[in-house]
> 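Sharing a structure with you now.
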Amino acid sequence: MTDFRIGHGYDVHALDDGLRLVLGGVEIPHAKGCVAHSDGDVAIHALCDALLGAAALGDIGLHFPDSSDEFRGIDSRILLRRVAALLRKKGYAIGNVDCTIRMQRPKLRPYIDRMREALAADLGIDADRVSVKATTTEQLGFEGREEGVSVSAVALIFRP
Ligand code: MG
């Protein structure tokens, strides 16, 4: 019997003026970016938590503490590759992942396929197993007021 596991991840970062905006491994030109210890890629952080959650291996804060200088300003794609390697070491393969980015502006549609390609490359799976979706919150809440970005993600992994 194949041992299937699912996991869920959620992350929020505040937005501030003049910072880089990096989502799903892709730099997006915008007046605001995420406040963070790392590069602030909130999509990758949610995805890491979904993958770690599926394997019941804790969360991103446990593996890559933001109190550590090692992770200051780090490219979150490095963290995602490390999570994928950890799952492989535990005997898991990744079935698929799906995430939803909630952000009022800018429109993310033009960047979605590049995000999928970047994430798929880091996870070592085909891009047709990686879904990235974006939605506004109709100006409601912190995302709608452009004070922050939230991302939720799910992942399915399995041991053959
Ligand atoms: Mg984070």
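Ligands are counted one by one from 1 in listed order, and the atoms in each one are counted from 1 as well.
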> In a check of side chain to side chain contact (heavy atoms under 4.5 Å, CB included) between His63 and each of Leu57, Val83, Leu79, which one passes?
Leu57
> Excluding sequence neighbours, so at least two apart, what forms salt bridge (Lys or Arg N to Asp or Glu O under 4.0 Å) with Glu138?
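Glu138 satisfies salt bridge (Lys or Arg N to Asp or Glu O under 4.0 Å) with no residue once adjacent residues are dropped.
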> Taking only distance into account, with no hydrogens and no angle test, what donor-acceptor pairs under 3.5 Å do side-chain atoms of residues 17-24 form with protein atoms, sequence neighbours excluded?
from, atom 1, to, atom 2, distance (Å)
Arg20, NE, Glu27, OE1, 3.2
Arg20, NE, Glu27, OE2, 3.4
Arg20, NH2, Glu27, OE1, 3.0

> Does the side chain of Ser131 pick up a donor-acceptor pair with the side chain of Asp98 at under 3.5 Å?
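Checked: Ser131/Asp98 side chains pair up, N/O donor to acceptor below 3.5 Å.
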> Could you list the donor-acceptor pairs under 3.5 angstrom formed by side chains in residues 88-97, with sequence neighbours left out?
from, atom 1, to, atom 2, distance (Å)
Tyr92, OH, Arg5, NH1, 3.4
Tyr92, OH, Arg159, NH2, 3.0

> Within the distance-only criterion (no hydrogens, no angle test), does the side chain of Thr2 pair as donor or acceptor with the backbone N or O of Phe4 below 3.5 angstrom?
no
> From the Mg ion (ligand 1), how many protein N/O/S atoms are found at a distance short of 2.8 Å?
3
